[in-house]
*Asks:* 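Starting off with a structure, shown below.
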Amino acid sequence: MKLYSAKVALFLLLMVSVVKAQELKLVKVTIAELEEKQYSKDTVAVAAILYKKGRTFFTYNVKTGFAANHEFTFRIKIYKKEGLHWADFEVPYYIGYEKLKEDYLTFNDAVTYNLEGGTIVKTKLNNEGSFKTKVNENWKKASISLPNVKAGSIIEFSYLLKSENIVKFPVYDIQYTIPVKYSEYRTEVPEYYIYKTLLKGYVDVQSESKYENGSVNYNNEYNQSNTMRYKQINNSYIAKDVPAIKEEEYVDNLKNYKASIHNELERTRFPESPVKDYTITWEGVAKTIFESKDFGEQLKVSSFLINDLGLILKDIDSKEERLKVIFKFVQEKMNWNNEYGYYTDKGVLKAYADRTGNVAEINFILISMLRLAGISADPVLISTIEHGVPVFPSRTDFNYVVAMAEIDDKQILLDATHNYTTQNILPLNALNWKGRLIKQDGTSNEINLVPTVPSVVNYNLSAKVYASGEISGEIKSRKSNYEAYRFRDKYAGMNSDSYIEKLEHSYNGIEISKYTIVNKNTDLLKPVDESFAFKSTNQSEIIGEEIFLNPLLFFTLHKNPFVQDKRKMPIYFGYPIQNRYNISIEIPEGYQVESLPKGINLSMGDGSFSFKYFLEKKENRIQIVVQSETKNAVVSAEDYLMLKDFYQQIMYKQKEKIVLKKI
């Protein structure tokens, strides 16, 4: 069984063919296009991108040098009212440069086409439909809302992004959640710049590269018009009939797998100048971040913590206990303002005084307190799941930071921003492949964020079947690690009545009484224990003098979660998990076991998935032991059919009935 790897998914799965690219001229919108009621290749599509074209070219200024210009044009057909939101379009752009001018973005030629009385009517966007807003200190976004849009409309617009940042181009997306009829992207790069290009996704792309003459006009220092001539590298990428990327079960972040083009500057080679290498490593990125006054300098500010630290650590000697006390103190004292990032905003000193801060401020306070207590601790940079898997080493590819403590060569990941996290239990959206640990000396190394220790759920069920078909009994369950965290995060704040009602519904309408829970939100290092009594009238079927019973009762898997014929994206489970069921069923008086399903011991591939199922009659009881285990957090798409078949066998086995016959 081949496990999914980030490199395979991001670099190897795109099929590329080299052909002669054909220039597509943007023809006028036609009556036939406006009359179209559905997209022929995807009849359920609410909208379709009929045409997308991008062009990246360079301009020159005698004072600042070359700048990159990125033009994009869209034509989108709205088929259904559910697709109207495509008329609201926004583009983020960067303003947080230290030495460069902030990026500039403008929308142009935005128009809506409608068919009225057999005539094409154009409605142009006015100034009221265009907005620019500040997202944070580093980003702005430009937005448009096209007018007079309804089902049947065609919208068209362009935008231009100008940037002095030539290290990375904006990502060119080929694939969207709606189909794309035609997509074309061209880059015209002066020979002085060599870019590394990555094509990501699962779509056929036609590509061509040419070495041709190029030139740029500019004004010299005397404001005289000049022309610079050079060779340039022209690349083109064309994709046709691109299917919509669809949401699937067990996917971490859909945008990690959609077809797109990425360009990063690799080196420059100007005449009479040495070749300059721009390839950035994660080591370099980490060092740059660490040297910032809002990162490394904040980790040096710690004297304000000494008094509180002395109070909470009084008479505590062991590092393990000190870590536990410090983490709980910071977690309970500090309130997260829901702001992401790895730089502090107002600084750790003010955040501590306010008892509120962003993720960096809270976890930097945690790191500083651990260090003061004699525990080795350092920050770990993370890109959260919704932020995506980093493609190239870049500061903007991180958006979160947690702490890592080390005691006796044991590494412990910590995040004090959330209520129910604990040692080596991070928020679920932080479990995103790899993080980057930054040491106090500025060096760094890669940290695996995917858990390797299984989260276990134990169920112990004792039940009695009555001649009427009713079943009653008791259940005890224990959830550990991420299963305990997931439960607390979802249900700890819910009142008991609402939770019991939800539990009854999830267990196929059973009636619950005598519900108790231990360690719901107290000692987060310990598991969550639940117990309750239950009654049910719909877990068995009586036919004549026989009672038919699902061995796993309301734990029975009725539907295979994997129903597609094939799959291109890897299967993401988040963390390894093990479920254990120990079920004891008492036979009603006057009945005997007519038949029991046979046990089974399934293992998939190299044992990454297993399912063990054993049944045995002992006197007047039936003992059932089930254990299912998923050892890997992520499974390769090429193993999808094997996984689908594995679950299908489990489902069929669980549907086999215990038959009780009246004596």
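Every value quoted in this text rests on a predicted model; they were computed, and no experiment measured them. Side-chain atoms are counted along with the backbone in the values below, which use heavy atoms only and exclude waters and symmetry mates. When a residue number appears, it is its place in the shown sequence, counting from 1.
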*Asks:* Can the positive tip of Lys566 be found less than 6.0 Å from the middle of the six-membered ring of Tyr640, inside 45° of the ring normal?
*Replies:* no
*Asks:* So Pro393 and Thr281, do their side chains get closer than 4.5 Å, heavy atoms only?
*Replies:* no
*Asks:* Is a donor from one side chain sitting under 3.5 angstrom from an acceptor on the other, for Tyr257 and Asp252?
*Replies:*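 Checked: Tyr257/Asp252 side chains pair up, N/O donor to acceptor below 3.5 Å.
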*Asks:* Which heavy atom in Glu248 sits nearest to a heavy atom in Val251, and how many Å separate them?
*Replies:*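 Residues Glu248 and Val251, closest heavy atoms: O-CG2, 3.6 Å.
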*Asks:* Step by step, work out the side-chain contact (heavy atoms from CB on, under 4.5 Å) result for Phe74 and Phe89.
*Replies:* CA-CA 11 Å; Phe74 288 81; Phe89 205 86; 3.9 Å; yes
*Asks:* Less than 4.0 angstrom from a charged side-chain N to a carboxylate O is my criterion; do Lys258 and Asp173 meet it?
*Replies:* yes
*Asks:* A side-chain contact here means heavy atoms from C-beta on lying under 4.5 Å apart; do Pro190 and Phe66 qualify?
*Replies:*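 Yes - at least one pair of side-chain heavy atoms lies under 4.5 Å apart.
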*Asks:* Thinking salt bridges, do Lys196 and Glu266 make one under a 4.0 Å N-O criterion?
*Replies:* no
*Asks:* Does the side chain of Tyr93 reach to within under 4.5 Å of the side chain of Lys141, using non-hydrogen atoms?
*Replies:*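 With C-beta onward as the side chain, the pair stays apart.
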*Asks:* Using 30° and 60° as the class limits, which term best fits the ring planes of Tyr218 and Tyr60: parallel, tilted or perpendicular?
*Replies:*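 If you compare the ring of Tyr218 with that of Tyr60, the planes turn out perpendicular.
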*Asks:* Just distance, no hydrogens or angles: give the donor-acceptor pairs under 3.5 Å from side chains in residues 285-297, sequence neighbours left out.
*Replies:*
unit_1: Thr288; atom_1: OG1; unit_2: Gly284; atom_2: O; d: 2.9
unit_1: Ser292; atom_1: OG; unit_2: Asp294; atom_2: N; d: 3.1
unit_1: Glu297; atom_1: OE2; unit_2: Lys300; atom_2: NZ; d: 3.3

*Asks:* Dump the intermediate steps for side-chain contact (heavy atoms from CB on, under 4.5 Å) on Leu161 and Asn69, then the final yes or no.
*Replies:* CA-CA 6 Å; Leu161 173 65; Asn69 300 262; over 6 Å; no
*Asks:* Could you check whether atom NZ of Lys101 has more than 12 heavy atoms from other residues, nucleotides or ligands sitting under 6.0 Å from it?
*Replies:*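 Count not over threshold, so no.
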*Asks:* By side-chain contact (heavy atoms from CB on, under 4.5 Å), which residues pair with Val46, not counting sequence neighbours?
*Replies:* Lys80, Glu82, Ile178
*Asks:* Supply the atom-to-atom distance Ile261 CD1 to Thr56 OG1, rounded to the nearest 0.5 angstrom.
*Replies:*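 Answer for the CD1-OG1 pair, Ile261 versus Thr56, is 9.5 Å.
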*Asks:* Is there side-chain contact between Glu361 and Lys346, with at least one heavy-atom pair below 4.5 Å?
*Replies:*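 Heavy-atom side-chain distance check passes, below 4.5 Å.
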*Asks:* Does atom NZ of Lys132 have more than 12 heavy-atom neighbours, drawn from other residues, nucleotides or ligands, at distances under 6.0 Å?
*Replies:* yes
*Asks:* Would you list the pairs meeting salt bridge (Lys or Arg N to Asp or Glu O under 4.0 Å) in which at least one residue belongs to residues 220-238, sequence neighbours left out?
*Replies:* none
*Asks:* Taking the side chain as every heavy atom from C-beta outward, state whether Leu449 and Leu413 have any atom pair closer than 4.5 Å.
*Replies:* yes
*Asks:* Might you point out which heavy atoms bring Glu33 and Ile154 nearest each other, and give the distance in Å?
*Replies:*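 Shortest heavy-atom contact: CB-CD1, 3.7 Å.
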*Asks:* Using the rule given for side-chain hydrogen bond (donor to acceptor under 3.5 Å, both in side chains), can you reason through Asn358 versus Tyr343, listing the C-alpha separation, both sets of side-chain angles and the distance that settles it, and then say yes or no?
*Replies:* CA-CA 9 Å; Asn358 66 11; Tyr343 288 138; over 6 Å; no
*Asks:* A side-chain contact here means heavy atoms from C-beta on lying under 4.5 Å apart; do Tyr192 and Pro271 qualify?
*Replies:*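 Yes, side chains in contact.
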*Asks:* How about Thr384 and Tyr340: do any of their side-chain heavy atoms sit closer than 4.5 Å?
*Replies:*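 Heavy-atom side-chain distance check passes, below 4.5 Å.
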*Asks:* Not counting sequence neighbours, which residues clear side-chain contact (heavy atoms from CB on, under 4.5 Å) with Gln38? List them please.
*Replies:*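 Residues passing side-chain contact (heavy atoms from CB on, under 4.5 Å) with Gln38: Thr43.
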*Asks:* Run the side-chain contact (heavy atoms from CB on, under 4.5 Å) test on Val149 and Ile155 for me, step by step, so that the C-alpha distance in whole Å, both residues' side-chain angles and the decisive distance to 0.1 Å come before the verdict.
*Replies:* CA-CA 8 Å; Val149 180; Ile155 59 174; 3.8 Å; yes
*Asks:* Dump the intermediate steps for side-chain hydrogen bond (donor to acceptor under 3.5 Å, both in side chains) on Glu188 and Asn234, then the final yes or no.
*Replies:* CA-CA 5 Å; Glu188 301 163 9; Asn234 295 337; 6.0 Å; no
*Asks:* What I'd like to find out is whether the side chain of Asn165 reaches to under 4.5 Å of the side chain of Tyr97, using heavy atoms alone.
*Replies:* yes
*Asks:* Inspect the contact between Lys246 and Asp42 and indicate whether a charged nitrogen and a carboxylate oxygen are less than 4.0 angstrom apart.
*Replies:* yes
*Asks:* Roughly how far apart are His387 NE2 and Tyr400 OH, rounded to 0.5 Å?
*Replies:*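 Nearest 0.5 Å value for the NE2-OH distance: 13.5 Å.
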*Asks:* Closest heavy-atom contact between Val401 and Pro379?
*Replies:* CG2-CB, 3.8 Å
*Asks:* When you look at OH of Tyr211, are more than 12 heavy atoms from neighbouring residues, nucleotides or ligands closer to it than 6.0 Å?
*Replies:* yes
*Asks:* Give me the one residue out of Asp397, Val389, Asn432, Asn253 that meets side-chain contact (heavy atoms from CB on, under 4.5 Å) with Ser383.
*Replies:* Asn432
*Asks:* If you round to the nearest 0.5 Å, how far is OG1 of Thr73 from CG of Asp109?
*Replies:*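 One finds 8.0 Å between CG of Asp109 and OG1 of Thr73.
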*Asks:* Is Glu184 paired with Arg186 through a side-chain N to carboxylate O contact shorter than 4.0 Å?
*Replies:* yes
*Asks:* Checking Ile144 against Asp88 for the side-chain contact (heavy atoms from CB on, under 4.5 Å) test, could you report, in this order, the C-alpha distance in whole Å, the side-chain angles of both residues, the deciding distance, and whether it holds?
*Replies:* CA-CA 6 Å; Ile144 56 170; Asp88 300 319; over 6 Å; no
*Asks:* If you measure from the Lys or Arg side-chain nitrogens to the Asp or Glu carboxylate oxygens, is any gap between Lys140 and Glu102 under 4.0 Å?
*Replies:*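 Yes.
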*Asks:* Rounded to the nearest 0.5 Å, how far apart are CD1 of Ile78 and NE2 of His85?
*Replies:*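 One finds 8.0 Å between CD1 of Ile78 and NE2 of His85.
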*Asks:* Mind checking whether Tyr193 and Phe58 have ring centres under 6.0 Å apart?
*Replies:* yes
*Asks:* Using the six-membered ring wherever Trp is involved, compare the ring planes of Trp139 and Tyr94 and label them parallel, tilted or perpendicular (cut-offs 30° and 60°).
*Replies:*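 The rings of Trp139 and Tyr94 stand perpendicular, inter-plane angle above 60°.
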*Asks:* Only counting residues at least two apart or in another chain, list the ones meeting side-chain contact (heavy atoms from CB on, under 4.5 Å) with Gln298.
*Replies:* Thr344, Val348, Phe364
*Asks:* What are the two closest non-hydrogen atoms of Ala67 and Glu164, and how far apart are they?
*Replies:* CB-CA, 4.3 Å
*Asks:* Going by an N to O cut-off under 4.0 Å, is there a salt bridge joining Glu156 and Arg75?
*Replies:* yes
*Asks:* Looking only at heavy atoms, what is the nearest atom pair of Trp336 and Ile362, with distance?
*Replies:* CA-CD1, 3.5 Å
*Asks:* Testing the basics here: between Ala637 and Met569, what is the closest heavy-atom pair and its distance to 0.1 Å?
*Replies:*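 Minimum heavy-atom contact is CB-O, 3.5 Å.
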*Asks:* To the closest 0.5 Å, what do you measure between OG (Ser153) and CD1 (Ile76)?
*Replies:*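 Ser153 OG to Ile76 CD1: 12.0 Å, rounded to 0.5 Å.
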*Asks:* Under 6.0 Å from the six-membered ring centre of Phe157 and within 45° of its axis: does the NZ or CZ of Lys124 meet both?
*Replies:*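 No, Lys124 does not sit over the ring of Phe157.
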*Asks:* Does Arg55 count as lying over the ring of Phe57, i.e. NZ or CZ under 6.0 Å from the six-ring centre, within 45 degrees of the axis?
*Replies:*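 Relative to the ring axis of Phe57, which defines the angle, Arg55 lies inside both limits.
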*Asks:* Is there a side-chain hydrogen bond (donor to acceptor under 3.5 Å, both in side chains) between Glu386 and Asn429? Walk through the geometry before answering.
*Replies:* CA-CA 7 Å; Glu386 63 275 11; Asn429 69 337; 3.1 Å; yes
*Asks:* Donor-acceptor pairs under 3.5 angstrom involving side-chain atoms of residues 435-448: please list them, not counting sequence neighbours.
*Replies:*
unit_1: Arg436; atom_1: NH1; unit_2: Ser444; atom_2: OG; d: 3.3
unit_1: Asp441; atom_1: OD1; unit_2: Thr443; atom_2: N; d: 3.0
unit_1: Asp441; atom_1: OD1; unit_2: Thr443; atom_2: OG1; d: 2.6
unit_1: Ser444; atom_1: OG; unit_2: Glu283; atom_2: OE2; d: 3.4
unit_1: Asn448; atom_1: OD1; unit_2: Val450; atom_2: N; d: 3.2
unit_1: Asn448; atom_1: ND2; unit_2: Val450; atom_2: O; d: 3.4

*Asks:* So does Lys41 have more than 12 non-hydrogen atoms from other groups sitting under 6.0 Å from NZ?
*Replies:* no
